[in-house]
Amino acid sequence: MNKGKKLYEGKAKILYEGPEKGTAIQHFKDDATAFNNQKKTIVEGKGVLNNRISEHILNNLNQIGIKTHLIKRLNMREQLVRLVSIYPVEFIVRNIATGSLTKKLGIPDGTILSKPLIEYSYKNDELGDPLIAREHILEFSWIPQAVHLDMINDYCFRINDFMQGMFRAVGIKLVDFKLEFGTVNINGKTEILLADEISPDTCRLWDVISEKKLDKDRFRKDLGNIIQAYQE
Ligand code: 5GP
């Protein structure tokens, strides 16, 4: 499938114009970055794995009624997706306290949360994606309608329930993950779609028994064997 012009290049993906209006081609790179681009490397084969893993998860979510931007995987590194207008908010869902939650609030690492916790960050590299409140999102119209924010919160819980079960079945704990949503306009009606990717780049995944990290923390914390962990 012929790619159109480059629309956007992010840290781990490139978005090209798609073959039809309203579509795009999402290309998964091997670049790994952390700490707001301060740490960088190439992890050979990561893009291929993330393309596959994200395809699998988004297809499964589609089947439980979560609408996503994914149309189909095209090849080893590319997906055909709907071109969405992304809300500038990252939705972080947590089941176990680790990462920035423990650093910011001093909660002991590994604390099991009594129920899933949703956090919001403002998608802004210059500001380092700061943690924000629901009130900021509405006040600054990052998501203009409260009802849409409520719908997305509900999707986050449903996605978490589904993914926890899916990973648990293969011996993996879903610790936390990041989601992005956007909108498309269909016959004058705004529809919310899950966008971006869900992969070990955007989730924390621990082996149920050994608690071995099977995600991007292997890169963030210099634990090695990144590709083996993503394959697992
Ligand atoms: P934390 O806030 O603890 O750093 O991250 C929480 C979860 O969200 C982790 O699974 C992490 O991978 C994911 N996450 C948060 N922000 C980003 C981001 O900007 N990019 C990616 N790829 N993942 C993120």
Side-chain angles (χ1 to χ4, degrees), residues 8-15 26-43 46-47 49-51 53-54 57-58 69 79 86-113 116-133 136-137 142 152-153 155-157 159-160 162-164 166-167 172-182 194-207 211-223 226 229-230 232:
Y8 169 81
E9 179 155 4
K11 291 170 212 141
K13 293 189 294 296
I14 308 174
L15 206 63
Q26 178 167 251
H27 175 102
F28 288 77
K29 301 192 284 185
D30 283 344
D31 301 56
T33 68
F35 314 119
N36 205 10
N37 236 354
Q38 286 171 37
K39 183 172 177 178
K40 290 185 204 176
T41 194
I42 303 282
V43 180
K46 177 176 78 75
L49 284 164
N50 282 354
N51 184 15
I53 295 169
S54 194
I57 297 176
L58 265 60
H69 72 156
Q79 299 179 346
I86 293 273
Y87 289 127
V89 176
E90 293 184 347
F91 292 80
I92 314 284
V93 185
R94 300 181 187 273
N95 298 305
I96 300 175
T98 192
S100 69
L101 175 63
T102 59
K103 278 192 207 95
K104 282 198 184 95
L105 304 181
I107 309 294
D109 197 68
T111 304
I112 295 169
L113 304 174
L117 178 71
I118 301 184
E119 287 178 351
Y120 313 108
S121 354
Y122 178 40
K123 252 173 84 69
N124 183 316
D125 281 344
E126 273 168 40
L127 301 176
D129 295 346
L131 189 66
I132 49 171
H136 293 113
I137 298 176
W142 291 326
I152 295 174
N153 276 338
Y155 295 155
C156 285
F157 287 125
I159 292 168
N160 184 48
F162 175 80
M163 282 181 30
Q164 266 194 317
M166 185 188 76
F167 280 113
I172 294 173
K173 275 193 241 188
L174 177 64
V175 174
D176 59 29
F177 58 99
K178 185 245 326 172
L179 298 173
E180 295 190 24
F181 294 86
L194 172 68
D196 195 49
E197 70 178 300
I198 303 181
S199 73
D201 267 11
T202 62
C203 301
R204 282 198 178 92
L205 303 164
W206 295 352
D207 183 282
E211 301 225 316
K212 179 181 161 193
K213 295 180 198 315
L214 300 169
D215 56 65
K216 196 169 154 186
D217 271 354
R218 298 208 73 81
F219 167 63
R220 294 188 188 103
K221 295 172 180 270
D222 293 320
L223 300 173
I226 304 171
Y230 277 45
E232 226 175 299

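In listed order, ligands and their atoms are each counted from 1.
Remark: minimum distance from atom 2 (O) of ligand 1 to any protein heavy atom is reached at Ser100 OG, 2.5 Å. The nearest heavy-atom contact from the protein to atom 13 (C) of ligand 1 is Lys178 CB, 3.6 Å. When only non-hydrogen protein atoms are considered, atom 15 (C) of ligand 1 lies nearest to Ile92 CD1, 3.5 Å.
The N/O atoms of Glu90, backbone and side chain alike, include one that comes under 3.5 Å of an N/O atom in ligand 1.
Of the candidates Leu179, Thr202, Leu174, Asp176, the one placing a heavy atom closest to atom 7 (C) of ligand 1 is Asp176. Between Arg204, Glu180, Lys216, it is Arg204 that holds the heavy atom closest to atom 6 (C) of ligand 1.
Contact annotation: Lys104 has no heavy atom less than 4.0 Å from any atom of ligand 1. The closest approach between Arg94 and ligand 1 falls below 4.0 Å for a heavy atom of the residue.
For the side chain to side chain donor-acceptor pair (under 3.5 Å) test with Lys11, the passing option among Asp125, Asn37, Asp201, Asp31 is Asp125; the others fail.
Nearest heavy-atom pair, Leu214 versus Ala229, reported as atom, atom and distance to 0.1 Å: CA-CB, 3.8 Å. Considering every non-hydrogen atom in both Asp222 and Lys39, the closest pair reads OD1-NZ, 2.8 Å.
For ligand 1 and Arg220, the ligand atoms under 4.0 Å from any heavy atom of the residue are 11 (C), 12 (O). In the vicinity of Asp201, heavy-atom distances shorter than 4.0 Å reach the ligand 1 atoms 12 (O), 21 (C), 22 (N), 23 (N). Atoms of ligand 1 found under 4.0 Å from any heavy atom of Gly99, numbered from 1 in the order shown, are 3 (O). Listed by atom number, the atoms of ligand 1 under 4.0 Å from Cys203 heavy atoms are 10 (O). Residue contact check: Asp129 has heavy atoms under 4.0 Å from atoms 19 (O) of ligand 1.
Using cut-offs of 30° and 60° for the angle between ring planes, the Trp142 and Tyr122 rings count as parallel.
With rounding to the nearest 0.5 angstrom, the CZ atom of Phe91 is 6.5 Å from the CG atom of Asn153. Lys213 contributes atom NZ, which lies 10.5 Å from atom CZ of Arg220 (distance to the nearest 0.5 angstrom). For the atom pair CG (Asn50) and CD1 (Ile57), the distance works out to 9.5 Å, reported to the nearest 0.5 Å.
At least one donor-acceptor pair closer than 3.5 Å links the side chain of Ser54 to the backbone N or O of Ile198.
Checked for salt-bridge contact, Asp176 and Arg204 meet the test: a charged N lies under 4.0 Å from a carboxylate O.
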